[in-house]
Amino acid sequence: MANWLWIGSSALLCLQWIAIHFIGAHPAAHLQALSSGVAIFGAAFMLSWSAELAQKDIPQALAIALLALIAVLPEYAVDMYFAWSAGKDPQYTSYAMANMTGANRLLIGVGWAAVVLTFWLKTGKKAIQLELEHRIEIRYLGLATIYSFVIPFKTQLNLVDAVVFITIFFFYMRAASKASHVEPELEGPPAMIESWGEGRRRIMTVLFFLFSGFTIFISAEPFAEGLLATGRTFGIEEFILVQWLAPLASESPEFIVAILFALKAQPGTAMGALLSSKVNQWTLLIGMLPVVYSISAGNIGGMHMDDRQVEELFLTAAQSLFAVAVLANLSFTLLEATIVFLLFSTQLFFPDPHFRFYYSIFYVILAVGLVIVKKDVRNGLCGLFSRAPDAHAVEKH
């Protein structure tokens, strides 16, 4: 019954917006944003189920690539709409940057921290140990992060950046496809559907994917425009709504699934999924922005950033650098998670541009400090690029 409630609830969240879309109704801006937003929320659950089920029928390498793409699809759809619109109206460039930076910072500041906190409340253990295979994600996250510091100095995101980020994503996928891979045990709705037999499982996999994909396709534009109109109507800064509310709709299902894994004492699986999503968003998602922008604009140009966008990107890069340093030893403690969350949440109370710079510098100082002070972090960073990782090379806290 619980599995059917999950499926039914997700489907209803999608259907309410599909009905509004086809009858041609025009609800108020805030209702439009809410309705289309919860539709994306429901579709994200169905996408995750289709991805899990698809692993039963396709080659391992393709499954990894598919999962990586599906993981960012809801967020991707909204951000690509903003990038496409920016090609016609430069004002939308700020919204594309806001959505991308917000999604990345939210994933680390809330998602990663929530997994550790949930696991501690469930088991009393104050640290999560990651598998050696997760060095792949940390390595490519580190490479993308190092390059990302170049962009604020250029004050634009262009096709050269796209080539770099998408290339990093390609090599990440290549490395992931060669890594040892254990087929995950299905739980919840996917486990129930798997028990129906091969034929029905395949049908449901395709139905989930098509239904959720269609929902996201018809919801992305009204959700984005609804948020902007809501900000104008109620006097709320549109940048803030796009930066934080938009990612919540697309990221929340992933957070919930990760927390459920943590509650089942599988924190490694939960952190692995969120870590992979971070790599995808910090490589493929950011890399596709100038590509979509250039196609829309009809010329090979860059997305020029103002001071606010430069500050936000610098802050996001600094947070990612600190995250790489924290996970270098393949351990994520409750104390580290608390610091990650506090640094993320407190910065929201200081809209002054100077504070974005202060937080950025503080992140960098903390990252450098971890490398200098902690031997296991230094060894872990060296181990990220070793060809044959040795379990004994990773020192625990």
Side-chain angles (χ1 to χ4, degrees), residues 4-50 70 72-100 102-103 106 189 203-204 206-256 285 289 292-293 295-296:
W4 280 112
L5 284 174
W6 275 103
I7 295 174
S9 299
S10 298
L12 284 175
L13 291 178
C14 298
L15 286 170
Q16 53 84 29
W17 177 252
I18 291 175
I20 292 173
H21 174 78
F22 279 109
I23 65 176
H26 299 284
H30 62 286
L31 294 178
Q32 174 179 302
L34 176 63
S35 181
S36 55
V38 297
I40 293 174
F41 179 82
F45 273 110
M46 301 186 83
L47 268 179
S48 67
W49 297 333
S50 68
I70 287 177
V72 297
L73 185 56
E75 177 63 32
Y76 179 100
V78 176
D79 221 3
M80 291 308 105
Y81 169 74
F82 284 129
W84 181 269
S85 299
K88 312 296 183 184
D89 180 358
Q91 178 183 353
Y92 280 82
T93 298
S94 65
Y95 304 141
M97 292 297 175
N99 190 242
M100 181 274 292
L106 192 70
I203 291 173
M204 290 303 297
V206 174
L207 286 177
F208 276 155
F209 184 78
L210 293 178
F211 183 70
S212 58
F214 175 72
T215 301
I216 291 171
F217 177 76
I218 66 171
S219 301
E221 179 178 353
F223 176 57
E225 292 294 345
L227 279 179
L228 297 179
T230 299
R232 300 185 195 106
T233 301
F234 293 98
I236 304 172
E237 186 183 1
E238 294 108 310
F239 193 98
I240 298 298
L241 286 176
V242 169
Q243 188 170 40
W244 303 122
L245 286 187
L248 274 177
S250 55
E251 302 279 8
S252 292
E254 195 168 6
F255 290 175
I256 293 172
L285 182 61
L289 291 179
V292 173
Y293 171 85
I295 294 173
S296 176

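Sequence positions, counted from 1, serve as the residue numbers for this chain. Side chains included, hydrogens not; waters and symmetry mates left out as well; all remaining heavy atoms used.
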First locate atom [atom1] of [X], then atom [atom2] of [Y], and finally report the distance between them rounded to the nearest 0.5 Å.
X    : Y    : atom1 : atom2 : answer
C14  : F214 : SG    : CZ    : 10.5 Å
L285 : D79  : CG    : CG    : 5.0 Å
I216 : E75  : CD1   : CD    : 11.0 Å

Identify the heavy atoms of [X] and [Y] that sit nearest to each other, and give their distance.
X    : Y    : answer
L31  : P27  : CB-CB, 4.0 Å
A246 : L227 : CB-CD1, 3.7 Å
Y81  : A224 : CD2-CB, 3.5 Å
P222 : I218 : CG-O, 3.2 Å
F208 : S50  : CB-CB, 3.7 Å
A29  : A229 : CB-CB, 3.4 Å

Between [Y] and [X], is there a side-chain heavy-atom distance shorter than 4.5 Å?
X    : Y    : result
L245 : F223 : no
Y92  : V242 : no
F41  : L248 : no
L34  : H30  : no
F209 : L47  : yes
L289 : M100 : yes

Does the side chain to side chain contact (heavy atoms under 4.5 Å, CB included) test come out yes or no for Q16 and L12, once each step is laid out? CA-CA 6 Å; Q16 53 84 29; L12 284 175; over 6 Å; no
Residue pairs, two or more places apart or on separate chains, that pass salt bridge (Lys or Arg N to Asp or Glu O under 4.0 Å) and touch residues 25-40: none
Please work out which of the three classes, parallel, tilted or perpendicular, describes the rings of F82 and Y95, given edges at 30° and 60°. tilted
Which class fits the ring pair F45 and W49: parallel under 30°, tilted 30 to 60°, perpendicular over 60°? tilted
List the residues meeting salt bridge (Lys or Arg N to Asp or Glu O under 4.0 Å) with E237, not counting sequence neighbours, and say none if there are none. R308
Donor-acceptor contact below 3.5 Å, side chain [X] vs main chain [Y]:
X    : Y    : value
S36  : Q32  : yes
S219 : T215 : yes
S10  : I7   : no
S296 : Y293 : no
E238 : G231 : no

Step by step, would you call L106 with F255 a side chain to side chain contact (heavy atoms under 4.5 Å, CB included)? CA-CA 10 Å; L106 192 70; F255 290 175; 4.1 Å; yes
